[in-house]
Amino acid sequence: MTCRLRYSRLAFTLIELLVVIAIIAILAGLLLPAITRARERGRQIRCIANVKQVASGLLMYAQDNRRRLPTITSFYTIGGKTGTAGGSPEASTRPLYRYLPDAPLFQCPSDRGSRGQHNLANVFEEQGCSYCYPYQNNAGVELVANRLITSFQFAAKKVVIFEPPLIELNVIGNFENQWHSSQKASVMGFLDGHADFLVSSNYTGAINATNQVYY
């Protein structure tokens, strides 16, 4: 009687291996955009939380200073850390340092710099703060520096903190370094202490608008 031994094939053929690699590549191509969007959404949520705390810090400052908002001489020096750029004021001298000494609260996790007026590779590192405080009128945002919080009719619609790309889009027209979106957009903090991410279709510069965001 002849005994025949059965051998199981343990190795892949070259064709099978290529098919597996092709399937993995297709799945990666399908999943990567979703993962990228989810990661950016997480950064956006963290940025909104930061801006909300900064807006609340401005309210605390105003309550301790006869309801008057702080005065500064630069968009980026409301709080944060001592920046690396020349002339950047010390962290401890910034108006919100007493209320929000934790510098990372002033850092947008999607901060990719500002290529407009100051050509900053990273706004937080160079200026100590990723966010803009409207110490003067710019990008359609009405100044708030040294003004009473009661002088604004709609606190929930008054922007007090926003991101540098908004200036570049409105004034310079630079679309190259959007932080959270390819659209004209910004995370914004409001006088009532809330914050949100808004694209251009969701806000307006009309001061008298009562049903939309205004600056």
Side-chain angles (χ1 to χ4, degrees), residues 40-41 43-80 94-96 99-100 105-111 114 116-117 123 129-173 175 178-215:
E40 181 50 48
R41 178 57 181 164
R43 290 174 178 173
Q44 186 185 111
I45 291 172
R46 180 181 165 191
C47 181
I48 291 172
N50 288 350
V51 171
K52 178 179 172 61
Q53 292 194 63
V54 174
S56 297
L58 286 169
L59 282 174
M60 289 188 287
Y61 178 97
Q63 290 167 359
D64 289 343
N65 290 273
R66 299 181 179 181
R67 296 181 292 182
R68 194 171 293 278
L69 291 162
T71 299
I72 57 176
T73 58
S74 168
F75 284 116
Y76 307 110
T77 56
I78 192 65
R94 302 184 179 206
L96 295 188
Y99 307 93
L100 300 171
L105 289 176
F106 295 85
Q107 181 179 17
C108 171
S110 294
D111 184 341
S114 174
Q117 294 173 317
V123 178
C129 178
S130 294
Y131 306 115
C132 293
Y133 172 75
Y135 80 104
Q136 64 181 16
N137 295 332
N138 207 320
V141 183
E142 183 185 7
L143 70 87
V144 300
N146 199 37
R147 293 185 63 178
L148 294 170
I149 57 175
T150 53
S151 66
F152 301 99
Q153 188 176 3
F154 302 104
K157 300 175 184 293
K158 181 66 191 81
V159 175
V160 293
I161 287 288
F162 60 95
E163 294 179 309
L166 190 63
I167 297 178
E168 297 176 13
L169 289 174
N170 282 2
V171 179
I172 303 169
F175 290 83
Q178 284 291 80
W179 290 3
H180 302 287
S181 170
S182 60
Q183 302 179 72
K184 178 181 176 181
S186 174
V187 171
M188 299 179 181
F190 298 84
L191 187 58
D192 69 339
H194 87 278
D196 202 356
F197 172 73
L198 297 173
V199 296
S200 58
S201 58
N202 299 124
Y203 60 83
T204 176
I207 296 298
N208 295 324
T210 58
N211 62 339
Q212 298 186 59
V213 172
Y214 72 85
Y215 295 146

**OP:** May I ask you to check whether Ser130 and Glu163 show a side-chain donor-acceptor distance below 3.5 Å?
**Re:** no

Subject >> Inter- and intrachain pairs under salt bridge (Lys or Arg N to Asp or Glu O under 4.0 Å), touching residues 146-156, at least two apart >> reply: Glu142-Arg147

Per-pair distances, 0.1 Å, donor-acceptor, side chain in residues 188-199, under 3.5 Å, sequence neighbours excluded:
{"residue": "Asp192", "atom": "OD1", "partner": "His194", "partner atom": "N", "Å": "3.2"}
{"residue": "Asp192", "atom": "OD1", "partner": "His194", "partner atom": "ND1", "Å": "2.6"}
{"residue": "Asp192", "atom": "OD2", "partner": "His194", "partner atom": "ND1", "Å": "3.2"}

Below 4.5 Å, heavy atoms only, C-beta onward: do [X] and [Y] meet side chain to side chain?
X      : Y      : answer
Cys47  : Pro109 : yes
Val141 : Phe162 : yes
Pro164 : Trp179 : yes

Subject >> Distance flag, aromatic centroids of Phe75 and Tyr135, threshold under 6.0 Å >> reply: yes

**OP:** Nearest 0.5 Å please: distance from the CD1 atom of Ile161 over to the NZ atom of Lys52.
**Re:** 14.0 Å

Return a table of donor-acceptor pairs under 3.5 angstrom between the side chains of residues 61-73 and protein atoms on other chains or two or more places apart.
{"residue": "Asp64", "atom": "OD2", "partner": "Tyr99", "partner atom": "OH", "Å": "2.9"}
{"residue": "Asn65", "atom": "ND2", "partner": "Tyr61", "partner atom": "O", "Å": "2.7"}
{"residue": "Arg68", "atom": "NH1", "partner": "Asn146", "partner atom": "O", "Å": "2.6"}

**OP:** Go through the structure and list residues passing side chain to side chain contact (heavy atoms under 4.5 Å, CB included) with Gln53, not counting sequence neighbours.
**Re:** Leu105

Which atom names give the shortest non-hydrogen contact between [X] and [Y], and what distance separates them?
X      : Y      : result
Cys129 : Gly79  : CB-O, 3.4 Å
Tyr76  : Ser114 : OH-OG, 4.3 Å
Ala145 : Tyr133 : CA-OH, 3.5 Å

Subject >> All side chain to side chain donor-acceptor pair (under 3.5 Å) counterparts of Ser56, not counting sequence neighbours >> reply: none

**OP:** List for me each residue that meets side chain to side chain donor-acceptor pair (under 3.5 Å) alongside Arg41, sequence neighbours excluded, and say none if there are none.
**Re:** Gln44

**OP:** Give a yes or no on whether the backbone of Phe106 and the side-chain of Asn50 come within a donor-acceptor separation of less than 3.5 Å.
**Re:** no

Original post:
Quick one: does Arg43's side chain have a donor or acceptor within less than 3.5 Å of a partner on His180's backbone?
Top reply: no

**OP:** For the pair Leu58 and Ile78, evaluate side chain to side chain contact (heavy atoms under 4.5 Å, CB included) and give the outcome as yes or no after the intermediate values.
**Re:** CA-CA 9 Å; Leu58 286 169; Ile78 192 65; 3.9 Å; yes

